[in-house]
Q: 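What follows is a single structure, and I will ask about it in a moment.
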Amino acid sequence: MAGLRSQPHPHDSDNSSLPRAPDPVSDDERSLAADSWSIKSEYGSTLDDDQRHADAFDVVPSRHASDYSSDKDESNNEATASVLGLQSYWDATYADELANFGEHGHVGEVWFGVDVMEIVASWTKELCLKNSEGLRSNRAGYEFGVTEKSEDILQNWSVLDIGTGNGLLLQEFAKQGFTDLTGTDYVEGAVELARRLADHNGFAHIKFLVDDVLETKLDKQFQLVVDKGTLDAIGLHPDGPLKRIMYWNAVAKLVAPGGILVITSCNSTKDELIQEVEGFNQTRTKAPSPEEAVNHLSVFQYFSHVTSYPTFMFGGSVGSRVATVAFIRT
């Protein structure tokens with residue numbers, strides 16, 4: 001989180017297209033929404049508890065009846081997850097953040113924090129350099145080293161950030177030496193905020209487009225596709241399992257053969273992401289056995305993962321709050 005979120009005044013943004021649901025919201029539901037909001041602030045957030053609850057109060061009532069049916073028998077966890085998976089939530093969120101940037105210069109939320117964003121950018125840079133050198137990692141990983149011609153190599157990499165939000169991740173990639181940068185988001189307010197921030201910070205060459213990855217209109221492939229939290233949000237939709245399948249089918253078309261897909265998630269572990277990819281590979285192949293399908297006809301293959309995030313021990317297993325995993329498009 002790079003700046004505190006200010007509570008918008010009625011004239012800050014036009015939310016006439018986002019009607020508020022009139023039904024009352026319980027304190028428990030507000031609390032759950034506030035807890036879910038804090039997921040993206042585990043690293044480097046400056047939001048205090050009162051601010052998170054104030055934001056959650058605005059988030060929960062903004063559901064559209066057509067988007068989410070609040071069944072009294074449905075668990076609060078399911079209700080909260082559904083709210084965070086709806087476009088109406090992100091429309092309202094980025095309307096607020098766009099207004100806050102215009103009035104106060106605040107850049108808005110940084111998903112997973114600035115530290116994670118910087119790690120993803122620098123780690124991915126080294127991964128691309130190694131890939132360009134024709135080296136491959138195994139599950140044990142390898143040590144990185146910058147080549148003398150790294151700037152020339154990175155300029156040849158086309159990069160797509162799906163669900164770019166405020167676009168700050170692409171600014172970090174630009175600092176690392178990447179030049180062919182494109183960010184997409186299905187929220188117009190996010191794209192407008194990303195463009196303003198890029199212009200303000202001297203990165204006007206970064207391209208930002210309104211596009212829904214699940215129904216993408218992009219007609220080109222990219223050597224590097226990055227996703228920081230987008231798969232997480234898609235999974236929180238009421239039709240999350242179906243939309244995740246749509247996600248993998250779309251991403252498979254966006255990553256060029258031999259290119260890299262980098263996913264950063266707070267809802268899936270490294271092993272869970274690898275397992276999901278292997279399951280997708282099997283659905284896309286017609287080999288006699290699942291093992292042969294994965295080994296010979298895979299769409300994506302595991303490449304590497306970040307090992308520098310803080311870890312914790314739980315139930316005899318070691319894990320981290322965030323996972324970043326890279327896959328090669330075969």
Side-chain angles (χ1 to χ4, degrees), residues 2 43-44 107-108 110-137 141-185 190-191 193-209 211 213 218 220-230 251 254-264 300 302-309 322-329:
Y43 292 88
V107 301
V110 178
W111 272 73
F112 312 136
V114 173
D115 291 345
V116 168
M117 180 174 66
E118 293 176 346
I119 289 173
V120 169
S122 60
W123 176 83
T124 303
K125 167 189 175 180
E126 303 295 349
L127 201 67
C128 292
L129 293 175
K130 287 297 181 181
N131 185 59
S132 296
E133 294 170 0
L135 300 179
R136 294 292 184 270
S137 71
Y142 55 77
E143 294 184 359
F144 294 126
V146 180
T147 66
E148 295 180 359
K149 300 179 180 180
S150 61
E151 292 184 1
D152 294 336
I153 293 174
L154 295 177
Q155 288 177 0
N156 293 324
W157 279 77
S158 57
V159 182
L160 172 66
D161 179 18
I162 52 178
T164 192
N166 56 22
L168 292 183
L169 179 60
L170 286 180
Q171 293 190 28
E172 288 299 320
F173 274 84
K175 295 174 186 177
Q176 294 294 332
F178 293 91
T179 58
D180 186 354
L181 300 163
T182 302
T184 63
D185 203 294
V191 172
L193 176 62
R195 287 171 177 164
R196 293 188 187 183
L197 286 171
D199 290 344
H200 181 268
N201 294 333
F203 298 102
H205 65 283
I206 302 177
K207 298 181 291 291
F208 294 102
L209 307 170
D211 186 71
V213 65
L218 299 180
K220 65 173 291 187
Q221 293 183 313
F222 298 81
Q223 291 173 284
L224 172 63
V225 174
V226 294
D227 169 348
K228 184 166 68 70
T230 298
V251 169
L254 291 171
V255 183
I260 299 175
L261 169 66
V262 175
I263 297 179
T264 300
F300 289 107
Y302 168 82
F303 191 8
S304 187
H305 69 281
V306 171
T307 60
S308 58
Y309 293 141
V322 178
T324 297
V325 187
F327 301 91
I328 289 286
R329 178 70 166 92

Q: Is there side-chain contact between Leu261 and Arg329, with at least one heavy-atom pair below 4.5 Å?
A: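 Of all side-chain heavy-atom pairs linking Arg329 with Leu261, none is under 4.5 Å.
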Q: Is there side-chain contact between Ile260 and Val225, with at least one heavy-atom pair below 4.5 Å?
A: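 Not touching, per the 4.5 Å side-chain cut-off.
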Q: Locate the shortest heavy-atom distance separating Ile206 from Ala174; write the atom from each residue and the value.
A: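 Scanning both residues completely, I find the closest heavy atoms to be CD1-CB, 4.5 Å.
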Q: Say whether, by atom type as modelled, one donor and one acceptor occur between the side chain of Gln176 and the main chain of Lys125 under 3.5 angstrom.
A: no
Q: Answer yes or no: is there a donor N or O on one side and an acceptor on the other, between the side chain of Thr182 and the main chain of Leu160, under 3.5 Å?
A: no
Q: As an exercise, state the distance from CZ of Phe327 to NE2 of His305, rounded to the nearest 0.5 Å.
A: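 Reported to 0.5 Å precision, the distance equals 11.0 Å.
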Q: Checking side-chain contact (heavy atoms from CB on, under 4.5 Å) for the pair Leu127/Lys130: CA distance, chi angles, key distance, verdict?
A: CA-CA 5 Å; Leu127 201 67; Lys130 287 297 181 181; 5.7 Å; no
Q: When you measure from the side chain of Ser122 to the backbone N and O of Ile119, does any donor-acceptor pair fall under 3.5 Å?
A: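 Flag set: sc Ser122 to bb Ile119 pair under 3.5 Å.
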Q: Within the distance-only criterion (no hydrogens, no angle test), does the side chain of Ser158 pair as donor or acceptor with the backbone N or O of Gln223 below 3.5 angstrom?
A: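 Looks like yes, one N/O pair under 3.5 Å.
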Q: For a 4.5 angstrom cut-off between non-hydrogen side-chain atoms, does Asp227 reach Val251?
A: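 Asp227 does not reach Val251 side chain to side chain.
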Q: Using a 4.5 Å cut-off on heavy atoms from C-beta on, say whether the side chain of Gln155 contacts that of Asp180.
A: no
Q: For Thr324, run the side chain to side chain contact (heavy atoms under 4.5 Å, CB included) check against Val306, Thr307, Val226 and tell me which one passes.
A: Val306
Q: Rounded to the nearest 0.5 Å, what separates atom CG in Asn131 from atom OG1 in Thr124?
A: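 Result: 11.5 Å between the selected atoms.
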Q: Give the C-alpha distance, both sets of side-chain angles, the deciding distance and a yes or no for side-chain contact (heavy atoms from CB on, under 4.5 Å) between Val191 and Leu209.
A: CA-CA 6 Å; Val191 172; Leu209 307 170; 5.9 Å; no
Q: Could you give the distance from CG (Leu168) to CD (Gln171), rounded to the nearest 0.5 Å?
A: 5.0 Å
Q: Has the side chain of Asp185 got a donor or acceptor atom that lies under 3.5 Å from a matching backbone atom of Gly165?
A: yes
Q: Looking at side-chain heavy atoms only, is the closest gap between Val325 and Ile263 below 4.5 Å?
A: no
Q: Side-chain contact, heavy-atom cut-off 4.5 Å: Cys128 with Ile153?
A: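 No, their side chains stay 4.5 Å or more apart.
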Q: Could you go step by step and tell me if Thr179 and Trp157 meet the side chain to side chain donor-acceptor pair (under 3.5 Å) rule?
A: CA-CA 8 Å; Thr179 58; Trp157 279 77; over 6 Å; no
Q: Have Trp111 and Thr264 got a donor and an acceptor in their side chains that come within less than 3.5 Å?
A: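 Their side chains do not contain a donor-acceptor pair, so the 3.5 Å distance test is not met.
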Q: State, to 0.1 Å, how close Asp199 and Ala204 come at their nearest heavy-atom pair, and which atoms those are.
A: OD1-CB, 3.4 Å
Q: Test side-chain contact (heavy atoms from CB on, under 4.5 Å) on Val262 and Trp123 and set out the steps.
A: CA-CA 10 Å; Val262 175; Trp123 176 83; 4.0 Å; yes
Q: With side-chain contact (heavy atoms from CB on, under 4.5 Å) as the criterion, how do Thr164 and Leu169 come out once you've worked through the C-alpha distance, each side chain's angles and the decisive distance to 0.1 Å?
A: CA-CA 7 Å; Thr164 192; Leu169 179 60; 5.9 Å; no
Q: With heavy-atom distances below 4.5 Å as the criterion, would you say the side chains of Val110 and Met117 are in contact?
A: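 Side-chain contact under 4.5 Å: yes.
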Q: What I'd like to find out is whether the side chain of Ile328 reaches to under 4.5 Å of the side chain of Phe300, using heavy atoms alone.
A: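 Heavy-atom side-chain distance check fails, nothing below 4.5 Å.
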Q: Quick check against the 3.5 Å criterion: does Asn201 have a side-chain atom that pairs as donor or acceptor with the backbone of Phe203?
A: no
Q: Provide the full list of salt bridge (charged side-chain N to carboxylate O under 4.0 Å, His left out) pairs with a residue in residues 155-173, sequence neighbours left out, each pair given once.
A: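 Found Glu172-Lys175.
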